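Reading through the structure tokens given below for one structure.
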Amino acid sequence: QVQLVESGGGLVQPGGSLRLSCAASGVIFSDYTMGWYRQAPGNYRELVAAITSGGSTNYADSVKGRCAISRDNVKNTVWLQMNTLKPEDTAVYYCNANWFDSDIEYEYDYWGQGTQVTVSS
């Protein structure tokens, strides 16, 4: 059974920092691209940051320079360090694990339950 368990969300003042964690189980973690997405009320879910199995990263323009994604393939954990937080960063943040098995042309895609991040004074 695949599980992605997020933690680290909460209430933070503008300009503050948070570090989100996502612990994975039930998957060969090192095979997967891991991502953080967010969804604010009334908005679509959007990619915040992703890191491939090889360690390549990409970020949404809105968080470039403020966020850093990292992973540990021994601990089966991915983190999102968020700095200089803004009220518009307020959303539910979701962890995603994605792997395309080219041998069988099947995409494995899993989501966590989400963790609330609220940026407010």
Side-chain angles (χ1 to χ4, degrees):
Q1 182 181 359
V2 177
Q3 280 193 312
L4 300 176
V5 180
E6 301 104 331
S7 60
L11 173 64
V12 62
Q13 291 188 342
S17 298
L18 280 176
R19 190 190 196 206
L20 305 183
S21 299
C22 172
S25 59
V27 294
I28 303 175
F29 183 80
S30 58
D31 284 344
Y32 282 73
T33 291
M34 300 300 298
W36 286 97
Y37 290 72
R38 67 186 180 187
Q39 187 168 17
N43 288 2
Y44 293 106
R45 191 173 295 187
E46 62 176 358
L47 175 69
V48 178
I51 183 166
T52 68
S53 58
S56 299
T57 59
N58 68 290
Y59 298 91
D61 288 343
S62 59
V63 303
K64 279 181 182 176
R66 300 191 296 120
C67 291
I69 189 170
S70 58
R71 67 189 294 163
D72 186 321
N73 289 340
V74 175
K75 295 181 178 179
N76 286 3
T77 301
V78 61
W79 297 274
L80 183 68
Q81 177 69 42
M82 301 189 294
N83 302 319
T84 321
L85 283 162
K86 305 175 181 180
E88 51 263 43
D89 294 317
T90 296
V92 178
Y93 283 70
Y94 297 91
C95 179
N96 173 260
N98 184 276
W99 175 46
F100 181 74
D101 187 341
S102 57
D103 290 338
I104 61 173
E105 296 189 348
Y106 184 81
E107 183 182 35
Y108 296 87
D109 194 64
Y110 303 104
W111 294 90
Q113 293 294 318
T115 184
Q116 176 71 46
V117 171
T118 302
V119 184
S120 175
S121 55

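Excluded from the calculations below are hydrogen atoms, water molecules and symmetry mates; all remaining heavy atoms, backbone and side chain alike, are included. Nothing here was measured: the structure is a model prediction, and the numbers come from that model.
Put simply, CG on Leu80 and OH on Tyr93 are 7.5 Å apart, with the number rounded to the nearest 0.5 Å. Rounding to the nearest 0.5 Å gives a distance of 9.5 Å between CG of Asp89 and CG of Leu18. Atom CH2 in Trp79 sits 10.5 Å away from atom OG in Ser7 (nearest 0.5 Å).
Scored by the ring-ring contact (aromatic ring centres under 6.0 Å, His included) test, Phe29 finds no partners at all (sequence neighbours excluded).
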Atom pairs and distances, side-chain donor-acceptor, residues 99-109, under 3.5 Å, sequence neighbours left out:
unit_1, atom_1, unit_2, atom_2, d
Asp101, OD1, Asp103, N, 3.0
Glu107, OE2, Asn98, ND2, 2.8
Asp109, OD1, Asn96, ND2, 3.2
Asp109, OD1, Asn98, ND2, 2.8
Asp109, OD2, Trp111, NE1, 3.0

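The minimum heavy-atom distance between Gly35 and Ile69, with the atom names listed, is CA-CD1, 4.5 Å. Between Ala50 and Thr33, the closest heavy-atom pair is CB-CG2, 4.4 Å. Closest approach of Pro14 and Ser120 over heavy atoms only: CD-C, 3.6 Å. Across all their heavy atoms, Ala40 and Ala91 have their closest contact at N-CB, 3.9 Å. Shown here for Cys67 and Tyr59, the closest heavy-atom pair between the two residues is O-CE2, 3.4 Å. Considering all non-hydrogen atoms of both residues, Cys95 and Val78 come closest at SG-CG1, 3.9 Å.
Note on Tyr110: it clusters hydrophobically with Met34, by side-chain heavy-atom contacts below 4.5 Å among ILVMFWY residues. Linking ILVMFWY residues whenever their side-chain heavy atoms come closer than 4.5 Å, directly or via other members, leaves Val5 and Leu20 in distinct clusters. By the rule that hydrophobic residues join a cluster once side-chain heavy atoms approach within less than 4.5 Å of another member, Tyr37 and Ile51 end up as members of separate clusters.
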(request) Check step by step if side chain to side chain contact (heavy atoms under 4.5 Å, CB included) holds for Arg66 and Met82. (result) CA-CA 6 Å; Arg66 300 191 296 120; Met82 301 189 294; over 6 Å; no

(request) Please test Gln39 against Tyr94 for side chain to side chain contact (heavy atoms under 4.5 Å, CB included), starting from the C-alpha separation and ending with a verdict. (result) CA-CA 8 Å; Gln39 187 168 17; Tyr94 297 91; 4.2 Å; yes

(message) What verdict does the side chain to side chain contact (heavy atoms under 4.5 Å, CB included) test give for Ser30 and Ile28, after you've listed the backbone C-alpha separation in whole Å, the side-chain angles of each residue and the deciding distance to 0.1 Å?
(response) CA-CA 6 Å; Ser30 58; Ile28 303 175; 3.9 Å; yes

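A distance-only check finds a donor-acceptor pair linking the side chain of Thr90 to the backbone of Val119 [under 3.5 Å]. Judged by distance alone, the side chain of Arg71 and the main-chain N or O of Thr52 form a donor-acceptor pair under 3.5 Å.
Under 3.5 Å, the side chains of Asn83 and Ser17 contain a donor-acceptor pair of N or O atoms.
Residue Gln113 places its CD atom among 12 or fewer non-hydrogen atoms of other residues, nucleotides or ligands, all under 6.0 Å distant.
Ser21 is not listed as a side-chain neighbour of Lys75, based on a closest heavy-atom distance of 4.5 Å or more.
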